[in-house]
There are 2 protein chains.
Amino acid sequence: MASHGVRGRSGGRPTLEEVAARAGVGRGTVSRVINGSPRVSDATRAAVEAAVEELGYVPNTAARALAANRTDAIALVVPEPETRFFAEPYFSDMLKGVGSELSDTEMQLLLIFAGSDRERERLAQYLAAHRVDGVLLVSVHADDPLPDLLTQLEIPAVISGPRSAAEPLASVDSDNYGGARSAVEHLLSRGRGRIAHITGHLAVYGAQRRVDGYRDALREAGHEVDEGLIEPGDFTEEGGRRAMAELLRRHPDIDAVFAASDVTAAGAGQVLREAGRRIPDDVALVGYDDSAIARHMEPPLTSVRQPIEEMGRAMIDLLLAEIADRRPAASRGLERHQVVLATELVERRSS
Amino acid sequence: MASHGVRGRSGGRPTLEEVAARAGVGRGTVSRVINGSPRVSDATRAAVEAAVEELGYVPNTAARALAANRTDAIALVVPEPETRFFAEPYFSDMLKGVGSELSDTEMQLLLIFAGSDRERERLAQYLAAHRVDGVLLVSVHADDPLPDLLTQLEIPAVISGPRSAAEPLASVDSDNYGGARSAVEHLLSRGRGRIAHITGHLAVYGAQRRVDGYRDALREAGHEVDEGLIEPGDFTEEGGRRAMAELLRRHPDIDAVFAASDVTAAGAGQVLREAGRRIPDDVALVGYDDSAIARHMEPPLTSVRQPIEEMGRAMIDLLLAEIADRRPAASRGLERHQVVLATELVERRSS
DNA sequence: AGGTAGTGTGGGAGCGCTCCCACAAGTGAT
DNA sequence: ATCACTTGTGGGAGCGCTCCCACACTACCT
């Protein structure tokens with residue numbers, strides 16, 4: 001750890017000015033060195049770097065932010081009431097990706113909860129005051145006004161899970177469509193013919209895409225799609241129970257269930273067991289997310305894994321690029337700012 | 001959301017100066033109102049507040065930080081390689097508590113990962129530069145130099161899970177001792193006599209306390225403590241498997257296992273099943289944490305629940321108090337800065 | 001020789017606040 | 001009426017940076 005970290009307790013941290021004095025140069029020159037400007041001679045640069053090292057100089061972020069009108073901070077906005085999202089590995093894995101990608105930069109990560117109305121009001125103020133250089137949005141509902149606010153304020157933002165096919169914001173997503181297809185194709189290959197689908201909350205675009213994938217996989221295998229086999233859920237365990245009960249009532253002959261999340265699958269599994277159906281003998285079960293629950297269910301649950309950590313990394317990459325683009329009034333290159341990452345089916349004993 | 005949030009796009013956000021002009025007062029007066037100083041007449045205060053409202057004024061944090069030499073930010077330091085900690089609900093629940101308690105204040109929450117050496121070096125610089133007003137430390141190992149660094153830099157800090165009984169830092173913890181006792185007493189009351197304990201990582205003080213609770217519960221019930229029934233684990237699933245296998249080899253007659261974490265219990269459960277032992281008929285199983293896994297295991301796992309969200313809240317309370325204490329060179333009241341919260345045994349079918 | 005670029009450098013101005021000193025006005029004791 | 005406080009207020013100084021203009025110096029053309 002920094003051996004010079006505690007030096008200079010007598011009178012606070014060293015300033016740019018002191019570094020300049022020590023190196024025998026002007027304030028501007030030190031600033032240039034610190035910020036990596038090329039217009040500094042090698043000799044001068046070396047002298048300044050030596051002085052920085054000797055004094056253990058660390059720039060004062062507040063001063064920099066004030067003078068340069070940027071914050072070097074990005075916010076991760078968490079719509080907290082979504083406890084589902086929050087408690088699942090989803091969140092921590094994404095955080096891991098975000099953190100690892102961020103550790104190469106000087107950016108700091110702010111965690112902002114936008115659950116209650118009061119918190120949202122505060123967030124709006126926050127953003128209006130331009131207290132962050134960029135925003136990471138996760139798990140946003142289709143009708144959330146937040147993304148539009150960001151666009152309006154011209155704050156760079158990246159959203160995980162686009163709200164629609166026409167998402168105007170930069171976005172990172174996993175291949176929900178392909179993931180669902182792989183799940184259904186897997187069940188078909190196991191000889192299942194009556195495959196039901198318990199959907200996620202359909203206000204979430206990804207949930208819709210999973211339904212699309214389910215339908216297309218069946219169709220392309222030459223099956224007719226029975227819309228009655230598609231039962232709406234909401235990603236929760238309780239939703240899974242409810243949907244499963246309904247499916248069993250209407251279609252006692254189903255031999256497989258593809259659920260839009262692992263907890264939903266867990267809820268469905270309970271109902272199946274209570275109805276005397278064995279998994280996978282009578283009914284095969286496939287979930288989505290490959291969470292810890294999937295590994296610990298009995299039998300362990302086949303599930304679609306999303307590369308969440310990678311998604312976190314991709315979000316940061318996109319966001320940093322947007323921020324950099326905007327810095328010197330760059331050519332607002334409206335390139336493809338949509339990243340979609342592949343999923344992977346993890347086969348376990350439930351199917 | 002703030003209707004005035006977007007106003008004044010012509011020329012950036014309003015400043016203190018502009019508010020002052022609008023309210024017909026001086027800069028100092030506005031500052032006083034903003035910061036809630038009592039030395040302002042009611043009439044003036046009202047006028048200023050009106051001006052603030054009309055202009056949609058939001059203070060510039062950077063300027064404030066620079067002038068007042070504080071940051072209004074606290075850091076939550078996450079020792080990231082501890083994936084266990086990170087992925088468990090522990091983390092997100094704590095975050096929830098932290099967030100909810102913080103939403104009443106102007107403080108912002110920084111998430112800092114201190115996994116790799118490079119990240120730790122950066123963190124040290126961060127702290128040395130006093131870029132946060134306080135630090136929340138979670139899941140710190142006994143030999144981590146971080147807490148001492150914080151003490152040395154005189155940065156207010158609160159640690160969750162004290163490193164020892166003599167933890168110098170303010171700390172919040174759940175009652176590991178009592179939690180373990182309640183688990184063992186529960187097993188005893190169910191008529192179990194050969195109760196094994198798979199410990200957590202013993203470098204963690206809380207894991208030691210759980211062992212203490214295990215021992216005392218047995219003793220006070222009149223049982224002799226067989227040290228051979230205590231098998232070291234490390235909170236992981238793999239550790240649980242290893243420990244359980246070892247226990248079965250040495251003591252085939254055990255009829256109950258208390259594991260120091262739910263995932264450890266899950267690992268132990270697998271080994272028990274493979275060995276042909278039925279849960280709970282042959283061997284009762286109790287875990288710790290009451291995580292999602294506990295609910296979804298088959299059979300569902302009896303587990304000790306910690307009030308994690310509350311712990312997060314308590315940490316913030318302590319930290320804010322420490323920061324406030326330090327602000328006007330207050331009387332460094334070395335009161336009891338140790339909070340211990342009660343646990344609760346959640347009974348399920350595994351015992 | 002004089003011009004015209006380029007390079008590197010110093011330092012003034014200013015970012016938006018807080019802190020604090022100065023001072024006006026009011027209040028009550030002498 | 002005088003003095004001593006108290007209360008409320010205005011505004012200068014300064015926090016530590018970045019930005020940018022000015023200037024010295026060099027190099028290469030006419």
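Remember, it's a predicted structure, so these values are computed and weren't measured experimentally. Numbers restart at 1 for each chain; the letters A, B, ... are given by sequence-line order, proteins then strands.
- Atom CG in B:Asp72 sits about 10 Å away from atom P in C:dT18, given to the nearest Å.
- Among the nucleotides D:dC17, D:dG8, C:dT9, the one closest to any side-chain atom of A:Ser41 is C:dT9.
- One can place CG of A:Asn69 at 13 Å from P of D:dT18, the figure rounded to the nearest angstrom.
- At whole-Å resolution of the value, CD in B:Glu18 and P in C:dG16 are 8 Å apart.
- Of the candidates D:dG8, D:dT18, C:dC17, the closest approach to any side-chain atom of B:Asn60 belongs to C:dC17.
- Rounded to an integer number of Å, the gap from CD1 of B:Ile34 to P of C:dG16 is 15 Å.
- In terms of polar N and O atoms assigned as donor or acceptor, the side chain of A:Arg45 never comes within less than 3.5 Å of the base of C:dG8 in a complementary pairing.
- Closest to the B:Thr29 side chain, of the nucleotides C:dG8, D:dG16, D:dG10, is D:dG10.
- Considering only the side chain of A:Thr44, C:dT9 comes nearest among C:dT9, C:dC17, C:dG14.
- Contacts of B:Thr61 with the nucleic acid, taken as non-hydrogen atoms under 4.0 Å apart, are absent.
- For the pair B:Leu123/B:Leu146, a side-chain contact is recorded, criterion being any heavy-atom separation below 4.5 Å from C-beta on.
- Each of C:dT18, D:dG11, C:dC17 was ranked by its minimum atom distance to the side chain of B:Arg32; first place goes to D:dG11.
- Salt-bridge check for B:Glu309 with B:Arg313: passed, with a basic side-chain N closer than 4.0 Å to an acidic carboxylate O.
- Taking the side chain of B:Leu16 as heavy atoms from C-beta on, and the options C:dC19, C:dC17, D:dT18, the nearest nucleotide is C:dC17.
- Within the 4.0 angstrom heavy-atom criterion, only backbone atoms of the sugar-phosphate kind lie near B:Arg64; the bases stay farther away.
- For a distance-only test at 3.5 Å, the side chain of A:Arg13 fails to qualify as a donor-acceptor partner of the base of D:dG16.
- With DNA chain C read from its 5' end, the first of the two nearest nucleotides for B:Ala62 and B:Gly28 is the one closest to B:Ala62.
- Taking atom CD on B:Glu17 and atom C1' on C:dT18, their separation rounds to 13 Å, with Å as the unit.
- Counting heavy atoms of neighbouring residues, nucleotides and ligands inside a 6.0 Å radius, atom CG of B:Asn69 does not exceed 12 of them.
- The interatomic distance linking B:Arg27 (CZ) with C:dC19 (P) rounds to 13 Å, in whole Å.
- For the pair B:Ile155 and B:Asp133, the tightest heavy-atom approach, listed with the atom from each and the gap, is CG2-O, 4.4 Å.
- The side chain of B:Ser31 places an N or O atom within less than 4.0 Å of a non-bridging phosphate oxygen (OP1 or OP2) of C:dT18.
- Residue B:Asn35 is in sugar-phosphate contact alone, with no base atom involved, counting any heavy-atom pair closer than 4.0 Å across all strands shown.
- Using a 4.5 Å cut-off on side-chain heavy atoms (C-beta onward), A:Val172 and A:Leu318 make contact.
- Rounded to whole Å, the distance from CG on B:Leu66 to P on C:dT18 is 11 Å.
- Side-chain atoms of B:Arg39 stay outside donor-acceptor range of the base of D:dT9, with no qualifying N/O pair under 3.5 Å.
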